[in-house]
Amino acid sequence: MTNNFDKDSPISPKSIIQPDWCDRPSTTIAPALIGCQLLRQLPNGPLIRSTIVETEAYAPGDPACHAYSGKSKRNAAMFGPPGYSYVYLIYGMYHCLNVVTEAAGIGSAVLIRALELDTIPPQLEAKLEAKQTAKPHRIAAGPGKLCRALEINRDLDGVHFHPDSGIWLEHRLEPIAPSHIVQTTRIGITKAAEAPWRWYLKASKSVSKP
DNA sequence: ACAATGATAGTT
DNA sequence: ACTATCATTGTA
């Protein structure tokens with residue numbers, strides 16, 4: 001029996017994360033996404049493959065969750081089906097990318113906080129070369145930075161994580177031992193700041209704040 | 001320590 | 001209509 005897809009193709013259908021997989025609590029999905037791949041087909045650019053190294057969970061009944069006060073125009077995608085995106089603008093200048101979790105009607109999501117990029121996006125190459133202090137592994141080390149690097153904005157809000165959308169997720173290539181993942185408190189929030197709902201890959205140099 | 005920068009949600 | 005807030009980041 002042979003597969004009908006090219007094994008050299010950057011797209012491997014068997015490993016793509018499907019909506020059903022995301023139909024679980026955000027506190028389960030957030031650590032499960034560590035080590036998974038985020039793929040982004042840049043508009044007028046290359047396909048960028050990356051590894052998720054830091055996530056945070058936002059849950060129903062969680063005062064820090066954007067869905068806490070009910071559905072609105074901004075957060076509507078959080079109440080949509082799992083395996084879709086929720087993208088919002090923060091501080092007027094950065095965007096943040098989330099993976100929507102749990103069934104439609106339940107407002108919960110996982111914030112993607114940091115990535116390790118396999119390749120440097122072309123629009124950042126010149127900038128990286130000009131600045132000697134700039135480090136390649138820090139290009140996507142933060143929720144705002146990764147959206148800038150992968151050209152993610154509100155146009156990608158509420159889209160299905162799927163190759164047709166130009167952005168999708170793939171399962172881990174190798175299992176990760178739980179001891180290699182650190183669980184700690186979330187960053188940049190004042191409400192429910194004590195909830196230990198942030199996870200990151202201990203060995204990664206691309207974590208926003210180790 | 002703080003400015004940049006704009007949408008949003010809550011309050012008059 | 002006004003205002004405080006904001007799941008951030010780069011520079012000083």
N-O pairing of [X] and [Y] below 4.0 Å:
X	Y	value
A:R198	A:E54	yes
A:R186	A:E56	no
A:D157	A:K73	no

Base, sugar-phosphate, or nothing: which does A:R138 touch, judged by heavy atoms less than 4.0 Å apart?
-> nothing
Give A:I189 one of three labels, base, sugar-phosphate or nothing, depending on what nucleic acid heavy atoms sit under 4.0 Å from its own. sugar-phosphate
Answer for the Watson-Crick or wobble partner of B:dT11, both distances under 3.5 Å, is C:dA1
Mate of C:dT9 across any strand shown (Watson-Crick or G-U wobble, both atom pairs under 3.5 Å) is B:dA3
Pair A:S204-A:E116, side-chain donor/acceptor within less than 3.5 Å:
yes
Flag the pair A:Y86 / A:Y84 as yes when their ring centroid distance falls below 6.0 Å, and as no otherwise. no
A:Y68 atom OH is separated from C:dC6 atom P, nearest whole Å, by 14 Å
Atom pairs under 3.5 Å: protein N/O with N/O of nucleotides 10-12 of chain B:
from   : atom 1 : to    : atom 2 : distance (Å)
B:dG10 : OP1    : A:S69 : OG     : 3.4

Worked check of ring pair (Phe, Tyr, Trp, His ring centres under 6.0 Å) between A:H95 and A:Y88
CA-CA 5 Å; A:H95 291 271; A:Y88 64 91; 8.5 Å; no
Within residues 199-207 of chain A, the residues having a heavy atom closer than 4.0 Å to DNA chain C are none
*P spacing across the pair B:dA3 / C:dA4, given as an integer number of angstrom*: 16 Å
Within residues 72-105 of chain A, the residues having a heavy atom closer than 4.0 Å to DNA chain B are A:S72, A:R74, A:L89, A:Y91, A:G92, A:M93
Exercise for the section: Could you state whether A:F161 and A:V100 fall into the same hydrophobic cluster, counting links through intermediate Ile, Leu, Val, Met, Phe, Trp or Tyr residues with side-chain heavy atoms under 4.5 angstrom apart? Expected result: no
Any side-chain to backbone donor/acceptor pair from A:N75 onto A:G70? Under 3.5 Å, distance only.
yes
